[in-house]
Visitor: 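Once you've had a glance at the structure underneath, I'll fire off some questions.
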Number of protein chains: 2
Amino acid sequence: MDLFVSKYFNKIDKKGRVSLPSSFRNVLPKASRNEIILYKSIKSPSIEGCGVGRLKEIAKRINYLDFFSEDYDDFSTSIFSEIVTTNVDKEGRFLIPEELKLYAGIKTEAAFFGQGYFFQIWEPNQGLKNTEVSRKRLLEEKKSLRTILTQQQ
Amino acid sequence: MDLFVSKYFNKIDKKGRVSLPSSFRNVLPKASRNEIILYKSIKSPSIEGCGVGRLKEIAKRINYLDFFSEDYDDFSTSIFSEIVTTNVDKEGRFLIPEELKLYAGIKTEAAFFGQGYFFQIWEPNQGLKNTEVSRKRLLEEKKSLRTILTQQQ
DNA sequence: TGGGAATATATGGGCGTCAATGGGTATATG
DNA sequence: CATATACCCATTGACGCCCATATATTCCCA
């Protein structure tokens, strides 16, 4: 499986370390399995994360913008300066920077939610609540749901 | 990671030295890890910096502009003639030239903002303010943001 | 197929190394 | 000679690496 799926609830220890779920680690390319990137979600009080490969893609895309334009600066500031890279130790643990923990309200436990090409880290209760809300919203729009789910690959 | 990412706030000591963040140092090619270039940002009261290798890329960008336009002259003058090279000492510190510090309003602390292929140095408060403004401007143009951020790797 | 062994995962803690910072002294440069 | 800058050494706190354990999972063989 090369996608981030399922959800996990892991503890944060005294040193601030938390295990990246094993199945998530396996999604990362072997070459850079000891490094992930984290950033504040734009749409919710949660942290989003993924492998470094995705970041390089984004960098390339931004690079195509007009170097002297305002857009260029906005993108590169909002994205690159907000992104943090974190090392995953041999046991599969990493540190969530204080600022990101604050943003997501995370204290002693972190909830990991697979999102396909990336994952989200939530304060457990808020994360669960969010799943519920999302699901409800989705079911209320059965039409579009059907469209998405029944398309052939 | 071979990109300048994240942000760091480092102190300037009595001698005017400031640490280049460790992760930034690692982005520089090993061959010239003791040398960086600095110049005034064209668009903001901040200092931009990068490894010497990036010079060629800047030259290329300027070269794409119409040779006979005013822009060409303006850019090439205001960038190239303003570039200074600075040595990074064994502890990873360097000196910010007085003129550049004045330009950015930097006194006792410098804020380093990763920008992918280069980085910016700001007076901490101004830098934070700028991040906010950039982010807001970006969120108002969700369309282009989506294009850049959500494509799959 | 059931049960026990081997392995993997999540978690805890000790300790050495590195990064950021401060300061003394040598050296260079005008 | 005077000032600026590079090199050396020291300190502190954070982080990475190693080792350990308990639980969960997988594997294998009888």
Side-chain angles (χ1 to χ4, degrees), chain A residues 1 4-28 30-38 49 52 84-102 106-114 119 121-124 127, chain B residues 1 4-28 30 32-38 49 52 84-102 106-114 119 121-122 124 127:
Chain A
M1 173 60 59
F4 298 104
V5 296
S6 188
K7 50 178 184 284
Y8 303 88
F9 299 84
N10 289 347
K11 284 175 189 166
I12 297 176
D13 70 18
K14 292 177 197 168
K15 295 183 177 183
R17 298 175 300 190
V18 63
S19 288
L20 184 67
S22 163
S23 83
F24 285 15
R25 297 202 296 266
N26 291 328
V27 177
L28 305 172
K30 278 176 196 158
S32 56
R33 194 158 280 184
N34 61 332
E35 197 174 22
I36 56 173
I37 66 171
L38 301 175
V52 291
V84 294
T85 67
T86 311
N87 294 326
V88 179
D89 71 17
K90 292 198 174 172
E91 283 75 34
R93 292 174 290 192
F94 67 100
L95 296 171
I96 306 177
E98 211 47 50
E99 188 185 341
L100 294 183
K101 276 202 276 192
L102 271 175
I106 293 172
K107 287 175 185 172
T108 62
E109 196 178 13
F112 293 81
F113 291 86
F119 57 86
I121 311 175
W122 287 76
E123 186 283 320
Chain B
M1 173 60 51
F4 298 104
V5 296
S6 190
K7 48 177 185 280
Y8 303 89
F9 299 83
N10 289 348
K11 284 173 188 167
I12 297 176
D13 69 17
K14 292 176 195 169
K15 296 181 178 182
R17 299 175 299 190
V18 64
S19 288
L20 184 66
S22 163
S23 83
F24 285 16
R25 298 202 295 265
N26 291 328
V27 177
L28 304 173
K30 278 176 196 158
S32 56
R33 195 158 279 186
N34 61 332
E35 196 175 20
I36 55 174
I37 66 172
L38 299 174
V52 288
V84 293
T85 68
T86 311
N87 293 326
V88 179
D89 72 17
K90 292 198 173 170
E91 282 77 33
R93 292 175 289 194
F94 67 100
L95 297 170
I96 306 177
E98 212 46 52
E99 188 187 342
L100 294 184
K101 276 202 276 192
L102 271 175
I106 292 171
K107 288 175 186 172
T108 62
E109 197 178 13
F112 293 82
F113 289 85
F119 57 87
I121 311 175
W122 286 76

Visitor: Could you tell me whether the side chain of A/Asn10 reaches within less than 4.5 Å of the side chain of A/Pro21, counting heavy atoms only?
Guide: yes
Visitor: Would you give the length of the straight line joining atom CD of A/Glu35 to atom CG of A/Asn87, rounded to the nearest 0.5 angstrom?
Guide: 5.5 Å
Visitor: Under the side-chain contact (heavy atoms from CB on, under 4.5 Å) rule, what do B/Phe119 and B/Phe113 come out as? Steps first, then yes or no, please.
Guide: CA-CA 6 Å; B/Phe119 57 87; B/Phe113 289 85; over 6 Å; no
Visitor: When you compare the side chain of A/Val52 with that of A/Ile36, does any pair of heavy atoms fall below 4.5 Å?
Guide: no
Visitor: What's the shortest heavy-atom distance between B/Phe94 and B/Ser19, and which atoms?
Guide: CE2-C, 4.5 Å
Visitor: Mind grabbing the angle between the end helix axes of the helix from C/dT1-D/dA30 to C/dG30-D/dC1? Five pairs an end, 10° rounding.
Guide: 50°
Visitor: How about A/Leu38 and A/Ile121: do any of their side-chain heavy atoms sit closer than 4.5 Å?
Guide: yes
Visitor: A/Arg33 side chain to A/Arg25 main-chain N or O, any donor-acceptor pair under 3.5 Å?
Guide: yes
Visitor: Summarise how protein sits on nucleotides 13-18 of chain D as a single string, 5' to 3': B when a protein heavy atom is under 4.0 Å from the base, S for sugar-phosphate-only contact, - for no contact.
Guide: --SBBB
Visitor: Please round to the nearest 0.5 Å and tell me the distance separating atom CG of B/Leu20 and atom CG of B/Asn26.
Guide: 9.5 Å
Visitor: Taking side chain as C-beta onward, heavy atoms only, is A/Ile12 less than 4.5 Å from A/Thr108?
Guide: no
Visitor: Using a heavy-atom cut-off of under 4.0 Å over every strand shown, decide if B/Ser19 touches base, sugar-phosphate, or nothing.
Guide: base
Visitor: Find which nucleotide of DNA chain C each of B/Lys11 and A/Gly92 is nearest to by heavy atoms, and output the residue with the more 5' nucleotide.
Guide: A/Gly92
Visitor: Whole angstrom is fine here: how far is it from CG in A/Asp13 over to P in D/dA22?
Guide: 17 Å
Visitor: Over all strands shown, is B/Ile12 touching base, sugar-phosphate only, or nothing at heavy-atom distances under 4.0 angstrom?
Guide: nothing
Visitor: If you define the side chain from C-beta out and look only at heavy atoms, does anything of A/Leu95 sit under 4.5 Å from A/Arg17?
Guide: yes
Visitor: Rounded to whole Å, how long is the line connecting atom NZ of B/Lys14 with atom P of D/dT5?
Guide: 18 Å
Visitor: Hydrogens and angles aside, do A/Ser23 and A/Tyr8 bring a side-chain donor and acceptor to less than 3.5 Å of each other?
Guide: yes
Visitor: With heavy atoms of chain A within less than 4.0 Å as the criterion, where does contact along DNA chain C begin and end?
Guide: C/dT9 to C/dC15
